[in-house]
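Here the structure is laid out as structure tokens; the discussion comes afterwards.
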Amino acid sequence: MLWLWFVWVIGCGGKHHISKGAEPARVVELMREAPLPYALQARFNVEVEGPGVSGSTPGALIMHVPDKFRIEIQTPMRTPFLYVASDGQGIHAWLHRDQVFLRGNDATAVLEEMTGGALSISDLFAVLTGRLPFRQAEMVSVSAPQKGWVDVVFQGPNELLCRAQIESKYGLVRQLMVGRELPDAETCGDPTSPECLGLVEVLFTVRYPDLMHFQGTMMPEEVFVDFPKLGWSLEIEVHTWDELGVIPDAFTLSVPNGAEEKDLVESLRKIAESAHPQP
């Protein structure tokens, strides 16, 4: 089902500048200290590949720091397909074509089911804009493998590890990997290759091939997200980022008349079980 990817399509950015020649640990510190815009909106196109699913579709999002967002996805014919909203307490979704309302009264439970306890909403904001998640997490290691780049590993929640490769010129993550085990970058060659990912338990990887200018700093223009264990991948092309001065009242969803209502967490669980059927 195409709506599986919706939770990942949210983000937030921030202006920050890192001086040339800063020590690797200082680069990480400055990124963690960077302020975030109060509210952003973006228009994008997303291409989804997964078991039995392949397609490309346009969408738009609005996000309000720290934990409110709304996503509207259209069909390729520009008709409504999916709405998702969080008011900070719950995450709900509306599948227009199927007339199904997916209720997630506990946002934490929804994200627990979706990410294995890896990310909060604010972490998701960071991931989709090339910033560092786990702002308070313990730093396990940090190094500068080559000039202009920083490699850092964090100890995240629920015994998860996060490795980020940072381009210090922009103060942006260019590659991110989160899992309970991570491939060794020195001995594995390309740690995001299928061969390396098959050796460990990686929940997801994110790459940011292209950037765009945004109010004196940079933001991702392309975001590639892979879920190696589920066989899903997303390619998100952002057309525009804009900072909002007026925040719309758009972060709640109500059950439409005549809609079929389902539990969002249970629906996510069934999708995960179908991807990994019991023998």
Side-chain angles (χ1 to χ4, degrees), residues 4-12 28 31 44-51 53-54 111-135 137 139-143 145-146 149-167 170-211 219-238 268 271-272 275-276:
L4 174 65
W5 61 270
F6 78 85
V7 170
W8 303 96
V9 191
I10 53 179
C12 65
V28 175
M31 288 185 68
F44 59 87
N45 193 80
V46 61
E47 183 174 338
V48 182
E49 294 287 344
V53 174
S54 178
L111 293 174
E112 174 76 25
E113 191 64 38
M114 187 66 193
T115 71
L119 302 178
S120 67
I121 293 180
S122 61
D123 290 325
L124 289 169
F125 286 174
V127 165
L128 264 293
T129 53
R131 274 63 181 177
L132 287 171
F134 314 132
R135 292 171 71 95
M139 189 163 53
V140 176
S141 67
V142 61
S143 63
Q146 56 183 307
W149 292 86
V150 171
D151 188 287
V152 61
V153 177
F154 295 106
Q155 181 67 63
N158 298 312
E159 300 183 352
L160 293 173
L161 294 171
C162 171
R163 171 177 287 136
Q165 294 180 352
I166 300 164
E167 187 172 7
Y170 301 119
L172 287 178
V173 176
R174 300 303 296 271
Q175 187 166 285
L176 184 76
M177 182 179 295
V178 176
R180 290 181 173 82
E181 299 175 83
L182 300 179
D184 189 291
E186 294 184 0
T187 61
C188 201
D190 178 6
T192 63
S193 68
E195 294 78 10
C196 289
L197 294 178
L199 300 175
V200 294
E201 187 178 356
V202 173
L203 294 180
F204 62 90
T205 66
V206 190
R207 295 180 293 113
Y208 311 86
D210 291 317
L211 306 175
M219 292 279 277
E221 184 172 357
E222 289 184 315
V223 184
F224 292 179
V225 186
D226 290 299
F227 306 92
K229 298 299 182 181
L230 295 178
W232 287 80
S233 66
L234 317 174
E235 296 186 12
I236 302 166
E237 181 180 358
V238 180
L268 288 170
I271 290 175
H276 298 280

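Excluded from the calculations below are hydrogen atoms, water molecules and symmetry mates; all remaining heavy atoms, backbone and side chain alike, are included. Starting from 1, each residue takes its place in the sequence as its number.
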Practice task
List for me each residue that meets salt bridge (charged side-chain N to carboxylate O under 4.0 Å, His left out) alongside Glu222, sequence neighbours excluded, and say none if there are none.
Solution key: none

Exercise for the section: Taking the side chain as every heavy atom from C-beta outward, state whether Asp151 and Arg163 have any pair of such atoms under 4.5 Å apart. Expected result: yes

Fill in the blank from the handout: Distance col, row Leu176:CG vs Tyr208:OH, nearest 0.5 angstrom, shows 5.5 Å

Problem - Stepwise side-chain contact (heavy atoms from CB on, under 4.5 Å) check, Leu203 with Phe227 - result: CA-CA 6 Å; Leu203 294 180; Phe227 306 92; over 6 Å; no

Practice task
Apply side-chain contact (heavy atoms from CB on, under 4.5 Å) to Val238 and Met219, showing your working.
Solution key: CA-CA 9 Å; Val238 180; Met219 292 279 277; over 6 Å; no

Practice task
Name all residues meeting the side chain to side chain donor-acceptor pair (under 3.5 Å) criterion together with Ser120; count only those two or more places apart in sequence or in a different chain, and write none if there are none.
Solution key: Ser122, Asp123

Practice task
Quick one: pull up CD1 in Ile166 and CE in Met31 and give me the separation to the nearest 0.5 Å.
Solution key: 4.5 Å

Practice task
Side-chain contact test, heavy atoms from C-beta onward, threshold under 4.5 Å: evaluate it for Val140 versus Phe154 and give yes or no.
Solution key: no

Handout entry: Partners meeting side chain to side chain contact (heavy atoms under 4.5 Å, CB included) with Val200 (sequence neighbours left out)
Key = Glu181, Pro183, Val202

Handout entry: Separation between CG of Leu128 and CG of Leu234, rounded to the nearest 0.5 Å
Key = 8.5 Å

Problem - 4.5 Å side-chain heavy-atom contact, Leu161 and Gln155 - result: yes

Handout entry: Those residues that, when tested against Glu167, pass side chain to side chain donor-acceptor pair (under 3.5 Å) (two or more places apart)
Key = Arg174

Practice task
Please examine the side chains of Val223 and Phe44, heavy atoms only from C-beta on, and report whether any two atoms are closer than 4.5 Å.
Solution key: no

Problem - Rounded distance (nearest 0.5 Å) linking atom CD of Gln165 with atom CD of Gln175 - result: 4.5 Å

Fill in the blank from the handout: Value for CG (Leu211) from CG (Leu172), rounded to nearest 0.5 Å, stands at 5.5 Å

Exercise for the section: Using side chain to side chain donor-acceptor pair (under 3.5 Å) as the criterion, list what pairs up with Glu49, not counting sequence neighbours. Expected result: Ser54

Problem - Value rounded to 0.5 Å, distance of CD in Glu159 from CZ in Arg180 - result: 8.0 Å

Handout entry: With sequence neighbours excluded, residues passing side chain to side chain contact (heavy atoms under 4.5 Å, CB included) with Glu235
Key = Glu47, Phe224

